[in-house]
Amino acid sequence: MNSKLIAPSMLAADFGNMQRDVEMVNNSDADWFHIDVMDGHFVPNISYGMPVIAAIKKHATKPLDVHLMIEKPERYIEEFAKVGADIITVHYESTVHLHRTLTQIEDAGCKAGVVLNLTTPVSVLEDILPKCYMVLLMSINPGFGGQKFEDMTYNRIKKLRRMIDEQGLNTKIEIDGGVTDKNIKQLVDAGADAFVAGSHVFKSDNPTETIKRLKLLANS
Ligand code: DX5
Ligand code: ZN
């Protein structure tokens, strides 16, 4: 059963050839498009917003997994839903009333998830977990692709997996940052379900083959 999911990060795509890269993902073994939205405040970088997501959506045949790295994401949830987000994840560190923001995402017709920065303890999610379709654990400091994976992530996955299992939930664990064919199997063994991969996919000679390999390794 191919239950482990691969989500290529479009941040590493060639923006001048976005349609080509979207179609590459459509025709690959990938499961979702990972879309990184950065505002230059929550993270020290600016990526893209609604018009680019709408353009990706126009060609995409797989769900859009939209990762909001913006302050007060509650200001924009409906707009992201409108341009085609299927899953919306918000940072725990970016929104004061997390429960309300997750409800807003659900009301907009999307699946809701929470993202934790590297040093935010997974225990803060204990009470909100039943409301999370997914928890995204950052394995780098958010803001840029191409950074080195932080090994502290393995223990964080194990702790979160334990919490999810103890509560008898189906919440998915997604990992974002520095995922490659070298660490994906170990991440699966620790208890993760979904994997974002940006530079490892798009900077490779054959992105389609690289996705295929990640998918095979994750499900082996
Ligand atoms: C960084 C983003 C990531 C990024 C991952 O803040 O959240 O999704 O694109 O890139 P790689 O896979 O290159 O580490
Ligand atoms: Zn991301």
Side-chain angles (χ1 to χ4, degrees), residues 1-15 18 21-38 43 47-48 52-53 55-57 59-69 80-81 83-91 105 110-116 132-140 142-147 149 153 157 160 170-188 190-204 206-220:
M1 197 176 74
N2 283 346
S3 61
K4 303 296 176 190
L5 308 170
I6 307 297
S9 169
M10 302 314 284
L11 190 63
D14 176 351
F15 294 168
M18 196 51 113
D21 285 357
V22 169
E23 272 157 14
M24 182 281 291
V25 174
N26 284 342
N27 296 321
S28 76
D29 289 340
D31 298 278
W32 297 337
F33 288 84
H34 186 78
I35 311 282
D36 290 300
V37 180
M38 305 177 181
V43 290
S47 57
Y48 43 63
V52 173
I53 299 175
I56 293 174
K57 185 72 178 183
H59 302 288
T61 58
K62 296 175 180 179
L64 304 193
D65 165 29
V66 177
H67 173 194
L68 299 183
M69 285 160 274
F80 284 113
V83 293
D86 294 279
I87 304 164
I88 298 181
T89 60
V90 294
H91 272 258
I105 296 171
C110 301
K111 293 184 169 124
V114 179
V115 192
L116 296 186
C132 299
Y133 168 73
M134 178 159 88
V135 174
L136 172 49
L137 293 180
M138 291 309 303
S139 38
I140 53 166
F144 304 92
Q147 302 181 75
F149 176 89
T153 305
I157 298 171
L160 181 59
N170 285 322
T171 306
K172 293 183 196 307
I173 303 178
E174 184 175 42
I175 306 302
D176 189 3
V179 173
T180 69
D181 57 359
K182 302 284 186 298
N183 56 20
I184 195 163
K185 190 72 187 84
Q186 213 179 326
L187 292 166
V188 168
D193 307 292
F195 306 90
V196 177
S199 20
H200 183 67
V201 166
F202 286 99
K203 309 289 180 245
S204 69
N206 188 335
T208 309
E209 276 303 312
T210 304
I211 292 170
K212 185 175 186 175
R213 183 171 159 71
L214 289 174
K215 182 81 178 169
L216 273 173
L217 284 167
N219 288 286
S220 62

Identify the heavy atoms of Met24 and Pro207 that sit nearest to each other, and give their distance.
-> CE-CB, 3.6 Å
Roughly how far apart are Thr153 OG1 and Gln186 CD, rounded to 0.5 Å?
-> 10.5 Å
Any donor-acceptor N/O pair, Asp193 side chain to Leu5 backbone, under 3.5 Å | no
Could you check Phe15 against Val52 for side-chain contact (heavy atoms from CB on, under 4.5 Å), going step by step and ending with a plain yes or no?
-> CA-CA 9 Å; Phe15 294 168; Val52 173; over 6 Å; no
Between His59 and Ala55 the two heavy atoms that sit nearest each other are CD2-O, 3.4 Å
Counting only N and O atoms by type, is there a donor-acceptor contact under 3.5 Å from the side chain of Asp21 to the main-chain atoms of Met18?
-> no
Before giving the answer on side-chain contact (heavy atoms from CB on, under 4.5 Å), spell out for Ile6 and Asp29 the whole-Å C-alpha distance, their side-chain angles and the decisive distance to 0.1 Å.
-> CA-CA 8 Å; Ile6 307 297; Asp29 289 340; over 6 Å; no
Return yes when atom CG of Asp14 has more than 12 non-hydrogen atoms of other residues, nucleotides or ligands closer than 6.0 Å, and no otherwise.
-> yes
Report yes or no: does Thr208 contribute a side-chain atom to a donor-acceptor pair with the main-chain N or O of Ser28 at less than 3.5 Å?
-> no
Contacts of Asp86 meeting side-chain contact (heavy atoms from CB on, under 4.5 Å) (sequence neighbours excluded), chain-then-number -> Lys57, Pro63, Leu64
Evaluate side-chain contact (heavy atoms from CB on, under 4.5 Å) for Asn26 paired with Glu23, printing each intermediate quantity in order.
-> CA-CA 5 Å; Asn26 284 342; Glu23 272 157 14; 4.0 Å; yes
Any luck finding a side-chain donor-acceptor pair between Ser9 and Asp36 under 3.5 Å?
-> yes
Do you know which two heavy atoms are closest between Phe195 and Ala218, and how far apart they sit?
-> CE1-CB, 4.3 Å
Keeping the roles fixed (side chain from Ser139, backbone from Ile175), state whether a donor-acceptor pair exists under 3.5 Å.
-> no
Heavy-atom pair with the smallest gap, counting every atom of Val179 and Val196 | CB-O, 3.3 Å
Please report the shortest heavy-atom distance between Ile211 and Pro8, naming the atom on each side.
-> CD1-CG, 3.8 Å
Supply the atom-to-atom distance Leu136 CG to Ile173 CD1, rounded to the nearest 0.5 angstrom.
-> 11.0 Å
Report the C-alpha distance between Lys4 and Ile184 in whole Å, list the side-chain angles of each, state the deciding distance to 0.1 Å, and finish with yes or no for side-chain contact (heavy atoms from CB on, under 4.5 Å).
-> CA-CA 10 Å; Lys4 303 296 176 190; Ile184 195 163; over 6 Å; no
Rounded to the nearest 0.5 Å, how far does OG1 of Thr89 lie from CE of Met134?
-> 5.5 Å
Listed by chain and number, what are the ring-ring contact (aromatic ring centres under 6.0 Å, His included) partners of His34, not counting sequence neighbours?
-> His67
Should we say atom NZ of Lys111 is surrounded by more than 12 heavy atoms from elsewhere, each under 6.0 Å from it?
-> no
Candidate list Ile35, Ile105, Leu68, test side chain to side chain contact (heavy atoms under 4.5 Å, CB included), partner Phe80, passing option | Leu68
Does some side-chain heavy atom of Lys182 sit less than 4.5 Å from a side-chain heavy atom of Phe149?
-> no
Check for a donor-acceptor pair, side chain of Lys172 on one end and backbone N or O of Ala194 on the other, with a separation under 3.5 Å.
-> no
Specify the closest pair of heavy atoms between Ala12 and Phe202, including all atoms of both residues, with the distance to one decimal.
-> O-CB, 3.2 Å
Gap between atom CG of Leu116 and atom CG of Leu160 - 0.5 Å precision = 7.5 Å
Between atom CE of Met69 and atom CG of Leu11, what is the distance when rounded to the nearest 0.5 Å?
-> 7.0 Å
When rounded to the nearest 0.5 angstrom, what distance separates CG in Leu217 from CG in Leu187?
-> 11.5 Å
